[in-house]
Amino acid sequence: MQDVEMDDHTADYWARQLRIGAAIAAVVTAIGGLRIAMGWDGAGRWWLVPVGLAVLAQIALLRLPWNRLVRSPRTRRWLTLWWMAELPVALLFGWVDSDGWMLYVPAVVLLLVSAAALWSPRFVIALGVISVGGYAVMLPVRAGKTFGTTFLLVAMMGCVVGLTAIYAKSRRALDSRRQAAEHRAETMLAASADAVIAIGPDTTVRYATESVGQLLGLPVASLVGRTMMDLIPADRQGRAADFMTAVLALPTGQSLRAESQLGDAAGETVFVDVLATNWMDDPDIAAVVVSLRDIGTRRALEDRLHLQAFTDSLTGMPNRALFRRRLEEAVTTATTSNPITVLLLDLDDFKLVNDNLGHSAGDDLLSTIATRLRGHVRPSDVLARLGGDEFAILMHDLEPGDAAALAERLLRTIREPIRLASRDVACSLSIGIATSESCAGIDDPKVLADHLLGNADLAMYAAKRAGRNGYAIFDPTMTMSVLEEAQLRSDLEHALEHDEFLVLYQPVVDMQTQSVTSVEALVRWEHPRDGLLGPYHFIGAAEANGLIVPLGRWVLREACAQLASWRAASPAAARLKINVNLSARQFQYAGLVDDVAQALADAGVDAGSLTLEITESMLMEDIETAKRTLYALRELGVRLAIDDFGTGYSSLSYLKQLPVDVIKIDKTFVDDVHIDADDVALVDAVAGLGQALKMQTVAEGIETDAQWSTLRNLGIDHGQGYLFGKPADPTQIHALLTGVGAISA
């Protein structure tokens with residue numbers, strides 16, 4: 001027998017068979033003692049004493065810790081002597097007793113059967129040959145049987161020996177197959193990134209894979225037998241107990257997933273994804289099987305994205321999303337005696353600083369402004385940068401007169417000259433002030449927050465119309481601006497009817513070769529009075545009044561038709577793709593899929609040439625509806641991209657659920673990627689995420705060679721920005737594709 005390490009299952013089997021064998025031996029010996037007491041004469045009955053002692057000894061064997069003893073190869077070798085010792089005892093009894101030759105047969109058969117349950121076929125055959133040999137001698141000598149009868153009975157005994165040997169061989173084969181299957185399963189579990197534990201009814205760990213030890217830095221042997229609660233931080237044990245209760249309430253084979261925290265050997269917290277399956281009613285398992293996956297890296301990246309989503313990267317202030325959340329929380333507790341005050345601040349003529357001194361100087365100016373503003377707010381106030389040159393302050397317990405005094409102080413501090421690019425720059429603010437009292441009668445926090453921000457915005461524009469460098473407190477008469485919005489709507493409708501919109505196209509290039517792989521369609525308004533207007537002048541209004549849907553449909557059809565035109569005019573455009581942005585309302589529009597299909601069909605271009613860009617915030621408004629829309633678009637064959645990735649607040653776990661082909665990294669992460677280690681780490685993580693999920697990555701807003709070089713080295717697939725080309729008309733794009741022109745950057 002080969003000396004191999006015995007597993008728990010095999011040790012239990014051996015212990016059970018040895019106890020059965022000891023019990024059988026005790027019963028057979030007791031039967032022999034009964035025969036002595038009833039059939040032997042008085043002179044031979046003294047044998048009852050050793051027989052009785054043998055019975056007691058065999059009963060005592062039942063209580064030995066066989067599960068531990070049989071793990072020793074030496075013990076298993078000595079156990080063979082037990083079976084061998086039984087043969088001469090049976091033979092002696094059969095020889096001495098007048099009817100012993102008949103009792104010898106069942107005793108030997110029991111011995112062979114019990115041996116076949118444990119030992120190899122070779123040992124069983126050896127035991128059988130010895131027992132048959134004794135029987136062959138006993139039959140003619142003690143039983144007086146003829147040669148023919150002896151031969152027949154011995155042959156039948158030989159058949160019994162053969163059958164028990166075959167049984168032993170079959171058992172060995174089944175054991176080998178079981179052990180091989182268990183070894184394969186354990187090897188696969190050990191190689192898996194997931195750690196697996198089995199938790200019994202008393203919450204103790206009954207089994208753990210080696211990867212659990214790697215995950216927690218603890219020896220697997222030290223985990224088995226401990227309660228699961230020993231591994232869970234005290235503040236999460238209640239939730240863990242509720243989770244286990246919920247799992248146990250599931251039908252057998254059903255699973256429940258959650259995210260949790262475990263404590264490792266160093267006392268650190270390990271974030272894990274937990275998938276627990278209820279196998280408690282399965283007699284072969286009788287445990288809850290828990291799969292654990294380390295999600296620490298993913299959580300860290302999500303935390304970084306969460307920080308980016310709610311923090312302005314330039315000033316470190318809360319951004320618009322976080323300000324809006326704090327405002328909604330604040331208005332729920334606002335009362336007449338405890339009003340909420342919002343100040344909306346906008347820098348006057350900030351665009352001139354960017355145009356004359358450059359964006360770096362503009363960033364320096366905003367950072368200085370942010371520092372000055374911080375000096376005038378209380379710790380309990382919320383100071384945020386909403387975007388661009390717009391700031392906001394949320395304050396509690398502020399009287400209207402105090403708000404005006406604060407606005408005066410802010411105006412004075414901002415007017416102090418700021419040194420930029422070796423020159424002093426004077427700035428001014430336009431400030432709008434609104435309180436929750438101006439929104440009386442509104443109960444919904446979201447609606448109330450909208451109205452409060454809207455009122456502050458109206459007041460801020462009133463300050464600008466009054467000459468800037470001042471403040472205004474909201475007054476209901478300011479709603480006259482609604483008339484202006486109505487006029488803007490009328491102008492937009494007129495523009496749609498009279499083809500005043502046009503589409504420009506910005507190249508998207510391969511980061512390695514700088515060859516153009518696609519173009520992004522960007523809408524502009526050729527206003528009859530104000531000239532060429534960018535999207536910031538009208539997209540918001542179109543979104544608000546619903547005109548964005550017909551405008552977006554027109555842009556989509558125009559872009560597809562233009563792609564077909566380029567392809568017809570030049571072979572260089574044969575593999576060119578086109579990107580079209582979808583607005584939030586357009587994405588929610590029920591006829592979107594039909595619009596896309598019709599635009600592709602009318603233009604005669606393949607669906608794979610069109611990429612639709614959707615922002616993170618649009619997806620997260622209603623993730624289930626968004627998934628259905630995305631999959632419907634995917635069925636058409638179009639490609640899908642997440643635009644401004646990192647500026648929203650989506651969980652990374654949603655990415656693998658969405659049929660997304662492209663991740664577009666927002667410009668805010670590109671601006672300082674060549675000098676900011678945090679931006680490098682984040683972009684590197686997103687590049688790795690894209691590779692892992694088989695998605696292409698596009699970096700937006702590339703303006704310098706240093707940014708391009710850094711992003712290229714990080715493995716970003718494509719780039720877009722003024723370094724490669726500004727938005728251009730179709731003729732310029734055609735010249736660029738054919739190599740007869742270039743777009744000025």
Side-chain angles (χ1 to χ4, degrees), residues 503-522 559-560 562-563 566-567 572-582 605-616 633-634 637-648 655 658-674 679-728 732-734 736-737 739 742-743 745:
V503 179
L504 301 182
Y505 302 89
Q506 186 172 28
V508 179
V509 305
D510 184 284
M511 289 292 280
Q512 301 299 322
T513 64
Q514 290 200 43
S515 60
V516 178
T517 58
S518 61
V519 292
E520 181 177 356
L522 303 169
C560 291
Q562 184 58 61
L563 178 62
W566 281 326
R567 288 183 172 178
R575 301 180 63 182
L576 184 69
K577 293 181 172 59
I578 196 158
N579 303 352
V580 177
N581 292 281
L582 296 180
V605 297
D606 58 293
S609 299
L610 173 63
T611 301
L612 299 177
E613 299 186 8
I614 306 101
T615 63
E616 281 185 276
L633 291 170
R634 168 52 61 83
V638 302
R639 289 157 48 86
L640 301 169
I642 294 183
D643 196 12
D644 301 336
F645 182 75
T647 61
L655 275 183
L658 302 175
V660 175
D661 304 284
V662 181
I663 300 174
K664 299 195 73 173
I665 303 169
D666 189 68
K667 181 180 184 299
T668 56
F669 306 127
V670 173
D671 287 342
D672 296 327
V673 74
H674 57 299
D679 283 347
V680 170
L682 187 63
V683 172
D684 187 35
V686 174
L689 180 69
Q691 292 175 1
L693 297 179
K694 296 182 175 58
M695 299 177 185
Q696 292 184 353
T697 49
V698 179
E700 298 181 295
I702 303 174
E703 297 181 354
T704 67
D705 288 331
Q707 293 170 347
W708 168 48
S709 177
T710 302
L711 292 166
R712 180 181 58 187
N713 292 335
L714 289 174
I716 299 302
D717 301 313
H718 298 89
Q720 182 178 356
Y722 281 12
L723 179 65
F724 310 117
K726 292 182 178 180
Q732 291 175 298
I733 294 295
H734 179 265
L736 178 66
L737 293 173
I743 300 174

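Numbering starts at 1 and runs along the sequence shown. When reading the values below, keep in mind they use all heavy atoms of this one structure, side chains included, and skip hydrogens, waters and symmetry mates.
Side-chain contact check for D717 and T697: at least one donor-acceptor pair (N or O, by modelled atom type) lies under 3.5 Å. Counted by atom type alone, T710 and N713 present zero donor-acceptor pairs between their side chains at under 3.5 Å. In this structure, a donor-acceptor pair under 3.5 Å is present between the side chains of N581 and E520.
Applying the side-chain hydrogen bond (donor to acceptor under 3.5 Å, both in side chains) criterion to D684, with sequence neighbours excluded, gives no partner residue.
Between D510 and H718, the shortest heavy-atom contact is CA-CD2, 3.9 Å.
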Candidate pair F645 and T615, rule side-chain contact (heavy atoms from CB on, under 4.5 Å), full reasoning: CA-CA 7 Å; F645 182 75; T615 63; over 6 Å; no

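Put simply, the side chain of Q732 never gets that close to the backbone of A728: no donor and acceptor are under 3.5 Å apart.
Between Q506 and Y722, the closest side-chain pair of non-hydrogen atoms falls below 4.5 Å. Residues D661 and R634 meet the side-chain proximity criterion, which asks for heavy atoms closer than 4.5 Å. Side-chain contact between L714 and V680: present, with at least one pair of heavy atoms (C-beta onward) separated by less than 4.5 Å. Residues V670 and D679 are not in side-chain contact: their nearest non-hydrogen atoms beyond the backbone lie 4.5 Å or more apart.
Of the charged side-chain nitrogens involved, none lies within less than 4.0 Å of a carboxylate oxygen, so that K667 and E700 do not count as a salt-bridged pair.
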